[in-house]
Amino acid sequence: MLLKELLSNLSYSVVQGNVNIEVEDVSYDSREIPKNSAFVCLNGASFDGHDYVKKALENGAVAVIAEKNVDCGNVPLVLVKKSREALAYISAALFSHPAKKLKTIGITGTKGKTTTACMIREILKKSNIKAGIIGTLGVLIGDEVIKTNNTTPESYDVQKYLNLMVYKGCEVAIIETSSIGLKSHRLDGFLFDYGVFTNFSNDHIGGNEHASMEEYLQCKSLLFKKCKLGFVNIDDKNCENVLLGHTCKVKTYGFSKNANLYAENEHLFSQPGFVGIEFDLKGILNFSVSVAIPGMFSVYNALAAISVANEFNVSEEDIKEAMKNIKVKGRIEVLPVPGEYTLLIDYAHNALSMENVLTTLREYKPNRLITLFGAGGNRPKVRRYEMGEVSGRLSDVSVVTEDNSRNENVLDIISDIEVGLKKTNGEYIVITNRYEAIKYCIKTALPGDIIVLAGKGHEDYQEKNGRVYHFDEREVVEEILKGE
């Protein structure tokens, strides 16, 4: 494709060279330049792509797109106002605008993006509509999982994966649209068919993320200037603010009877090996739903998912069946066990997420709530104190163990967790090896107990002593149970 064609939807100026040259690919990493590629200079929190033009040229770049004049030898140099925005539009053109061949769904919010995405996908699957996901769990297409580094990858990768979904026969693409992804133009270059707002709370403030809560919310609101129809949680106090300046049509969901789709008569439901919630749909749909994920937030996630799926004319039966059997990897994921207790895995790895999960599970009145957890190394110590205090306050028994200790001594991390635990009257035991800690929980489980393996969630590895080891808690539990 000609460079000129890739730039067709952008304002740009040519400093040197000719844009009528053939370009086969695009790269934003100077270390990896495919043959006949244009190099786009991105600015990051700790790097400036303009400093790596020389390396990109040495590795074979045939053109450079930048925000400022740089020495790029004899190859064409094109200046744009925002290189991240340019990368998005160039990538969309490079892959022949795959979003136009799919129905696209963007989901933003502090919590619930992954679960809502998986719920939508499961409902559509029941209706024989193939959907792919780009998000925290990676790129999911059928049974294939491609790991990614960010919830919302760089725009080039988003377009590449959308193109792969088209190739694999998907009709729908569901994308977790993080605030950082929206802020950094990773989702520019196309218009979403549907946008979803789940909720808003304090997160991602400071460091290289957001300067304030106001900026964090403003970045999330960008989705509703980039979609045709938006679905928003009417009960969230920031609902109106997230819609400021919106350009889309809007539908609502929640518990409020003013919502287009709302829930009534919600009640908890549990039995050994199952914790969930049941409620009645009202408004544009009228039937009862049972969701196999516990807690009030599951009602909101389900309402969001059902609202979107309803646009695809799915049946009542398909919605019911999907919700009754929904399982999201690492998100209050119940594992099958032979005893009269419930064992689940959750990604909760900070005090806020632990408090949400444990408070939710407390509502099911377990015989004992047992929480196994550790804390990440090379992270602020205050997180460890807070996690210890939350578990000590809400759990009947805390089993303290290793997590991704990285380059820290796991005993030092555990000692920090104990600082928080000792502020409470909660019972706890320390078992440093995570495998042995899980084994202890299973061996000592009593009828009616709920055991939470917190922190790892969907991860299938452990990082310690500077190395990464395979460690999937689903496999660990299966191995322990087989050994009984």
Side-chain angles (χ1 to χ4, degrees), residues 110-111 114 136 151 201-210 213 216 330-333 343-362 368-441 444 450-469 471-473 476:
T110 304
K111 297 185 290 290
T114 301
T136 307
T151 295
S201 60
N202 194 355
D203 201 3
H204 302 294
I205 307 301
N208 298 325
E209 297 186 290
H210 297 290
M213 289 287 284
Y216 178 35
R331 301 305 193 274
I332 317 188
E333 178 188 354
L343 177 66
L344 51 88
I345 292 174
D346 192 78
Y347 189 48
H349 57 285
N350 58 41
L352 177 62
S353 54
M354 280 186 69
E355 178 135 22
N356 288 337
V357 169
L358 298 182
T359 300
T360 293
L361 294 174
R362 269 268 161 239
R368 294 183 304 168
L369 179 56
I370 301 168
T371 307
L372 177 149
F373 72 104
N378 306 114
R379 298 293 186 269
K381 287 190 174 187
V382 66
R383 292 186 185 180
R384 305 165 191 176
Y385 308 149
E386 292 170 348
M387 290 171 71
E389 192 168 350
V390 166
S391 185
R393 176 164 47 84
L394 294 173
S395 307
D396 294 295
V397 181
S398 297
V399 180
V400 187
T401 187
E402 60 188 344
D403 199 301
N404 293 325
S405 52
R406 299 184 176 89
N407 295 313
E408 279 196 72
N409 186 320
V410 68
L411 295 178
D412 292 338
I413 297 172
I414 289 174
S415 179
D416 290 335
I417 293 171
E418 288 183 283
V419 171
L421 279 162
K422 288 174 180 176
K423 292 182 180 180
T424 72
N425 295 318
E427 178 185 339
Y428 77 91
I429 181 173
V430 173
I431 303 175
T432 305
N433 182 278
R434 195 171 181 101
Y435 183 101
E436 293 299 326
I438 294 171
K439 188 174 183 179
Y440 170 83
C441 291
T444 60
I450 294 180
I451 301 169
V452 188
L453 310 182
K456 300 299 294 174
H458 59 279
E459 293 178 352
D460 59 2
Y461 64 88
Q462 265 193 308
E463 189 178 349
K464 55 184 180 179
N465 301 321
R467 294 181 62 187
V468 176
Y469 301 86
F471 192 91
D472 188 323
E473 291 188 326
V476 169

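The first residue of the sequence shown is numbered 1, and numbering continues consecutively from there. This one's a predicted model, so the numbers in the text were calculated from it and none came from an experiment.
- Scanning for salt bridge (charged side-chain N to carboxylate O under 4.0 Å, His left out) contacts around R384 gives E408, D416, with sequence neighbours left out.
- Taking Y347 as the reference, H349, H458 meet the ring-ring contact (aromatic ring centres under 6.0 Å, His included) condition, with sequence neighbours excluded.
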query = Between K464 and V410, does a side-chain contact (heavy atoms from CB on, under 4.5 Å) hold up when you go through it step by step?
reply = CA-CA 8 Å; K464 55 184 180 179; V410 68; over 6 Å; no
Donor-acceptor pairs are to be reported for all side-chain atoms of residues 421-428 against protein atoms at under 3.5 Å, with residues two or more places apart or in another chain.
| unit_1 | atom_1 | unit_2 | atom_2 | d |
| --- | --- | --- | --- | --- |
| T424 | OG1 | L421 | O | 2.7 |
| T424 | OG1 | G426 | N | 3.1 |
| Y428 | OH | E418 | OE2 | 2.7 |

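- Rounded to the nearest 0.5 Å, atoms CZ (R393) and CZ (R362) are 11.0 Å apart.
- Taking both residues in full, the closest heavy atoms of N433 and E402 are given as CA-OE2, 3.6 Å, listed atom of the first, atom of the second, then distance.
- Remark: side-chain polar atoms of S415 are not paired, donor with acceptor, to backbone N or O of L411 under 3.5 angstrom.
- Applying the salt bridge (charged side-chain N to carboxylate O under 4.0 Å, His left out) rule to D412 yields no partners; only residues at least two apart in sequence or on another chain are considered.
- Taking the side chain to side chain donor-acceptor pair (under 3.5 Å) definition, one finds that N465 meets it with nothing, sequence neighbours left out.
- Remark: D403 pairs with R434, K456 by the side-chain contact (heavy atoms from CB on, under 4.5 Å) rule, at least two apart or across chains.
- Residues A437 and I431 come closest through the heavy atom pair N-CG2, 3.6 Å.
- At a threshold of 4.5 Å between non-hydrogen side-chain atoms, the residues I451 and L372 do not count as touching.
- When side chains are defined from C-beta on, N404 counts as touching E459, because their heavy atoms get closer than 4.5 Å.
- Partners of N407 by side-chain contact (heavy atoms from CB on, under 4.5 Å), not counting sequence neighbours, listed by chain and number: N378.
- S353 and A348 get closest at one heavy-atom pair: OG-CA, 3.4 Å.
- Of all the heavy atoms in F373 and G388, the pair that sits closest is CZ-CA, 4.1 Å.
- Judged as a side-chain contact (heavy atoms from CB on, under 4.5 Å), and not counting sequence neighbours, the contacts of E386 are A351, V382.
- Atoms CG and CG, on D346 and L358 in that order, are 9.0 Å from each other to the nearest 0.5 Å.
- Applying the side-chain contact (heavy atoms from CB on, under 4.5 Å) rule to T359 yields the partners E355, L394; only residues at least two apart in sequence or on another chain are considered.
- Judged as a salt bridge (charged side-chain N to carboxylate O under 4.0 Å, His left out), and not counting sequence neighbours, the contacts of R368 are D449.
- Distance check, rounded to the nearest 0.5 Å: CD1 of I370 to CG of L343 gives 10.0 Å.
- Tested against V400, the residues I417, T432, T371 include a single side chain to side chain contact (heavy atoms under 4.5 Å, CB included) partner, I417.
- A pairwise comparison of heavy atoms in Y435 and F471 identifies N-CZ, 4.0 Å as the closest pair.
- Annotation: side chain to side chain donor-acceptor pair (under 3.5 Å) contacts of R379 (sequence neighbours excluded): none.
- The closest donor-acceptor contact from the side chain of S395 to the backbone of S391 lies under 3.5 Å.
- The shortest heavy-atom contact between R406 and G376 is NH1-CA, 3.6 Å.
- Every residue was checked against the salt bridge (charged side-chain N to carboxylate O under 4.0 Å, His left out) condition with K111, not counting sequence neighbours, and none meets it.
- How far NZ of K439 is from OG1 of T444: 12.5 Å, rounded to the nearest 0.5 Å.
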